[in-house]
*Asks:* 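Once you've had a glance at the structure underneath, I'll fire off some questions.
As the structure is a computational prediction, the values presented were derived from the model and not from experiment. The first residue in the sequence is number 1, and the count goes up from there.
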Amino acid sequence: MPDDHMDHALPGSPASDSPLSAYLELLATGAPADAYEQPLLQVRADGAPPERVAAVERAKLLALRVRAELEDRKRREAELSALFATAQDLAGLRDVDAVLQAIVRRARSLLGTDAAYLTLNDAAAGDTYMRVTDGSVSARFQELRLGMGEGLGGLVAQTARPYVTDDYMEDPRFQHTTVIDSGVRDEGLVAILGVPLRLGSAVIGVLFAADRRARVFDRQQIALLASFAAHAAVAIDTANLLAETRSVLAGLEAANAIVRDHSAAVERAADIHDRLTELVLRGGGVHDVAATVAEVLGGRVEFLDAVHGDRSDPGEHPNTKGCPDPDHGPARAVGAAVERSRAEGRAVRHRDGWIAAVSAGDELLGALRLHDRCDLGPVDRRTLERAAMVTSLLQLARRSAGEAEQRVRGELLDDLLDAPDRAPRLLRTRAARLCADLDTPHLVLAARIADEATDAPSDRQRLWSAASHLAATGHGLAAARDGGAVLLLPHGPYDSATATARNTARRLGEAVHARVTVGASAPVAAPAAHPGDVATAYAEARRCLDVLHALGRGGEGAAADDFGFLGLLLTGTDGGAPVREFITRTIGPVVDYDARRGTALVNTLDAYFACGMSPVRTKDALHVHVNTVAQRLDRVGRLLGADWQSPARTLEIRLALRLHGLSPALGRH
C-alpha cells in the first residue's frame, strides 16, 4: 500500500478508507479468516505509527466479528432450509420403513457425521432396539438392543434428554455393558450425540449422530438434531397412523368381500336347493344332479358309482344304458378320498377339486367329484354335500327299481331253464318288456366264486346282483342258481364264446372283489323258439365250469369248445384228483426232476412229440445241439423206464403232458 495512504489512514478520517475497504472486500468475497491478517501485517511492514496499527487491528477484529456473524447466519439459514426440506420430504412419505430411512440419512447429512442411526422403544420388552442405520459397517452393531438406562442411548430413552460425548468408551457417565461396548467398538465410533424422539410426553425412540474420531458437538448442533428429531417423531407417528388406517381399510374391504361372497354362496345354495327339489320331483337321475351342481358351483362334476365302477360325465344322457367300465371306479381313482369323506361325513379336498361320498348308513353308493375348484367355501361345500345326499336318495330309489327288474329277469330265465314247455309267444312278450330279443343267438354262462373261503351267502348275493346288472346292460337275463349265477347274453356272429366268458369272469370278479370262474356253452340259436336248448346249454356251461375248477383254473373264463375230449374226461371227477394221480403216475419223476434240478425235460418231451419224435427236428425247435437232445431223452428213459417210447406208453405220456400243460397245479403231488 502506498505511503501517502498509510500515513493518514486513521479511523474516522477520509484517509482511513483504504484498510476499511480491504476488510469490506474480504467480507464481500467470503475470504478465509487467515486472510484478515494481511492488511494489518502490511501496515506494520510499512512502519505506520502505533495509533495507525491499533486502528487497523480494531478494524480487523470488527471485520472478523462481522464475518463470524455472517457465517453463523448463513449456517442457520442452511440448517433451517434443511429442516424445511426434511419436513417436506417426511410429509410426502407414507411407508414407515421409508420414513425411518429418510430420517437417518438426512440426520447424517445435516451434521456431516460418519454414521447416523435410530432406535425405537419396545414397550413389551422394556428396552430400545436398533431399527435403522446409515453409514454402519458392523452387523453386530445393527442388531443391538439397549436396556433402559444402559449406554448413551438407553439413558436418553429413559430420561427423555439429549446426551453427547466426545469419547464414549472413556466417558464414565454412562452404564457400560459388554454387549453395547462390543457393538460400539466393532463400529469404531468415538463421538456420539443422541436426542430423544418424543411424542408429547412419551419417548418413542432415540436419534443418533456419531463420528469415528473425537469431536465436540456444540449446542447449535445438538439443537439442530433435536429439532430434526421432533419432525421425525411426528413423521413416524403419521406413518404409523397411515399404516394402521390402511390395515383397517384392508380389513374392512376383506370383511366386505367375505360378506359379498357369503351372500352369493347363500343365494347359490338356495338356488341349488330349489333346483334339486324340482329335479327329484320330476324324476331326474344322478347325472342331472351332477349337471346341476356343475352349473351352480362351476367346474366339472362327475358321479362315481362304487357298486359297478361307473364313471360318468354330467353331459351323458341320464337314461343311457351302457356297460360300465370297472377300471375307472372310485376304489382305483379316488378311493382314499372317498373313504375319508364317508368317514368324516363331509366333502374333502382331492387334487384339483373336492370329493363328497354318496352313502346310505355304512354302505358306500358312490361319490360326487368336483373338478377345477380348489377355492370352495363352507357354504359351497355344504351345497356339494347336500347334492351327495340327494344323490344317495336317487341311488336307493334306482336300486329298488333295479332289484325289481332283476327279479323279473331272473324269473324269465328260470322259466326258460325249468319250464321248456312255455309258449314261445308268451316268452317273447315278457322278454320284450325287458328289452331282450330271445329270437337271436344267445350264450349261456355259468358263474361261481372260485374261492370257497369267500363263498358266503353275502358273496353269492353280490355275485347275483353283479350278474343281473351285467345282463341288464347287455340286454340279457340273469338268475341265481346252484350256488352261483347263470347268464343268458346275446351272441353276435363275430363274437367269441371264449372271449365273452373271460371278459365276464373279469368284470364279475372286479364287481364282487373276488375271483369268479365262468364257463360258457355253445351258442343257442333262438331261446324263445327252443326253450329246452337253454337248459341243455346251461348243463354244458356247468360242465365247462367244473372242468376249470378241476384243472385248478378258478377265476378264469372258458368255453366248452376250449377243452374238446378233455372236457369229457375231466367232467365229474372228484376235484381233479384222479387226473392228478394219472399225471403223477405217468410223468411224475420227470416233473420232480425238473423241479429239483431246474432242467427242461418236460419241455423237451413236448417238443420231441410235437416234432414227430425226431431228435433232429427237436434240436431245431429247442435251438440246442442234437447231442443235448439225446442226453435229455436218455435221462427221461432212466426216469420213466426203457419202454417209455412204446406205443402204449407214448399215448399215456402225451396225454399226461397235455393235462400237465393245461393246469400246472395238477402236476404237483
*Asks:* Given the rule in the side-chain contact (heavy atoms from CB on, under 4.5 Å) test, do Ile180 and Tyr168 qualify, once you have shown the distances and angles that lead to the verdict?
*Replies:* CA-CA 11 Å; Ile180 297 174; Tyr168 172 78; 3.7 Å; yes
*Asks:* Knowing that exactly one of Arg106, Arg108, Gln101, Arg105 qualifies, which makes a side-chain hydrogen bond (donor to acceptor under 3.5 Å, both in side chains) with Asp134?
*Replies:* Arg108
*Asks:* Are any side-chain N or O atoms of Arg212 and backbone N or O atoms of Glu187, one a donor and one an acceptor, separated by less than 3.5 Å?
*Replies:* yes
*Asks:* Would you name the heavy atoms of Leu225 and Ala107 that are closest together and state the gap between them?
*Replies:*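 It is CD1-CB, 4.0 Å.
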*Asks:* For a 4.5 angstrom cut-off between non-hydrogen side-chain atoms, does Ile222 reach Leu193?
*Replies:* yes
*Asks:* CZ/Arg213 to OG1/Thr113 distance, rounded to the nearest 0.5 angstrom?
*Replies:* 9.0 Å
*Asks:* With side-chain contact (heavy atoms from CB on, under 4.5 Å) as the criterion, how do Val195 and Val206 come out once you've worked through the C-alpha distance, each side chain's angles and the decisive distance to 0.1 Å?
*Replies:* CA-CA 6 Å; Val195 296; Val206 180; over 6 Å; no
*Asks:* Taking the basic N atoms (NZ, or NE/NH1/NH2) and the acidic carboxylate oxygens, is any pair closer than 4.0 Å for Arg44 and Glu57?
*Replies:* yes
*Asks:* What verdict does the side-chain contact (heavy atoms from CB on, under 4.5 Å) test give for Val301 and Arg369, after you've listed the backbone C-alpha separation in whole Å, the side-chain angles of each residue and the deciding distance to 0.1 Å?
*Replies:* CA-CA 5 Å; Val301 178; Arg369 183 176 183 183; over 6 Å; no
*Asks:* Where do Arg215 and Asp211 land on the salt bridge (charged side-chain N to carboxylate O under 4.0 Å, His left out) test, with the steps shown first?
*Replies:* CA-CA 7 Å; Arg215 169 178 174 173; Asp211 262 340; 2.8 Å; yes
*Asks:* Any donor-acceptor pair under 3.5 Å linking the side chain of Asp171 with the backbone of Thr165?
*Replies:*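 No; judged by distance alone, with no hydrogens or angles, the pair does not exist.
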*Asks:* Taking the side chain as every heavy atom from C-beta outward, state whether Met169 and Val184 have any pair of such atoms under 4.5 Å apart.
*Replies:*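 SC-SC contact between Met169 and Val184 confirmed.
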*Asks:* Would you call Arg140 and Ser182 a side-chain contact if the rule is heavy atoms closer than 4.5 Å?
*Replies:* yes
*Asks:* CG of Asp288 to OG1 of Thr292: how many Å apart, nearest 0.5 Å?
*Replies:* 6.5 Å
*Asks:* Is Leu100 close to Leu120 at the side-chain level, that is, under 4.5 Å between some pair of heavy atoms?
*Replies:* yes
*Asks:* Do other residues, nucleotides or ligands put more than 12 heavy atoms under 6.0 Å from Arg161 CZ?
*Replies:*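 At most 12 heavy atoms, drawn from other residues, nucleotides or ligands, come within 6.0 Å of this atom.
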*Asks:* Please name the pair of heavy atoms, one in Ala115 and one in Leu189, separated by the smallest distance, quoted to 0.1 Å.
*Replies:* CB-CD2, 4.4 Å
*Asks:* Would you name the heavy atoms of Pro196 and Ala229 that are closest together and state the gap between them?
*Replies:* O-CB, 3.6 Å
*Asks:* Would a 4.5 Å heavy-atom cut-off, applied to side chains only, mark Leu111 and Leu224 as touching?
*Replies:*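 Contact flag for Leu111/Leu224 side chains = yes.
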*Asks:* Under 3.5 Å, is there a donor-acceptor pair between the side chain of Glu25 and the main chain of Ala22?
*Replies:*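 Not a single qualifying donor-acceptor pair exists.
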*Asks:* For the residue pair Phe208 and Tyr117, categorise the inter-ring angle as parallel (less than 30°), tilted (30 to 60°) or perpendicular (more than 60°).
*Replies:* parallel
*Asks:* Between Ser136 and Gln142, is the side-chain hydrogen bond (donor to acceptor under 3.5 Å, both in side chains) condition met? List the steps.
*Replies:* CA-CA 7 Å; Ser136 172; Gln142 296 168 13; 3.2 Å; yes
*Asks:* When you measure from the side chain of His371 to the backbone of Trp354, do you find a donor-acceptor pair of N or O atoms at a distance under 3.5 Å?
*Replies:*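 It does not hold such a pair.
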*Asks:* Under a 4.5 Å cut-off applied to non-hydrogen side-chain atoms, are Val203 and Asn121 in contact?
*Replies:*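 Yes, close enough: below the 4.5 Å cut-off.
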*Asks:* Determine whether Arg173 and Tyr163 make a side-chain contact, defined as any pair of heavy atoms from C-beta on separated by less than 4.5 Å.
*Replies:*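 A side-chain contact under 4.5 Å exists here.
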*Asks:* Of all the heavy-atom pairs spanning Ala357 and Val338, show the shortest one and how long it is.
*Replies:* CB-O, 3.8 Å
*Asks:* Working to the nearest 0.5 angstrom, can you tell me the gap between Leu146 CG and Thr128 OG1?
*Replies:*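 Atom-to-atom, Leu146:CG and Thr128:OG1 are 6.5 Å apart.
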*Asks:* Run the side-chain contact (heavy atoms from CB on, under 4.5 Å) test on Ile103 and Leu207 for me, step by step, so that the C-alpha distance in whole Å, both residues' side-chain angles and the decisive distance to 0.1 Å come before the verdict.
*Replies:* CA-CA 9 Å; Ile103 289 170; Leu207 179 62; 3.9 Å; yes
*Asks:* Rounded to the nearest 0.5 Å, what's the gap from CZ on Phe141 to CE on Met130? Could you check?
*Replies:* 4.0 Å
*Asks:* Where do Leu384 and Ala347 come nearest, in terms of heavy atoms and distance?
*Replies:*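 Smallest heavy-atom distance, with atoms named: CD2-CB, 4.1 Å.
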*Asks:* Under 4.0 Å between a side-chain nitrogen and a carboxylate oxygen: does that hold for Arg131 and Asp97?
*Replies:* yes
*Asks:* For the CZ atom on Arg219, are there more than 12 heavy atoms of other groups (residues, nucleotides or ligands in this structure) within a distance under 6.0 Å?
*Replies:* no
*Asks:* Return the minimal non-hydrogen interatomic distance between Tyr36 and Ala31, and the atom names on each side.
*Replies:* CE1-O, 3.8 Å
*Asks:* Does Arg342 form a salt bridge (charged side-chain N to carboxylate O under 4.0 Å, His left out) with Glu339? I'd like the steps, not just the answer.
*Replies:* CA-CA 5 Å; Arg342 179 172 65 166; Glu339 288 298 328; 2.8 Å; yes
*Asks:* Measuring from Tyr129:OH to Arg145:CZ, what's the distance to the nearest 0.5 Å?
*Replies:* 7.5 Å
*Asks:* Taking the side chain as C-beta and beyond, is there a heavy-atom pair between Glu302 and Leu368 under 4.5 Å?
*Replies:* no
*Asks:* Does the Ser341 side chain pair with the main chain of Arg346, one donor and one acceptor, at a distance under 3.5 Å?
*Replies:*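 Checked: pair present.
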*Asks:* In Å, rounded to the nearest 0.5 Å, how long is the span from CG of Leu144 to OG1 of Thr119?
*Replies:*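 One gets 10.0 Å once the value is rounded to the nearest 0.5 Å.
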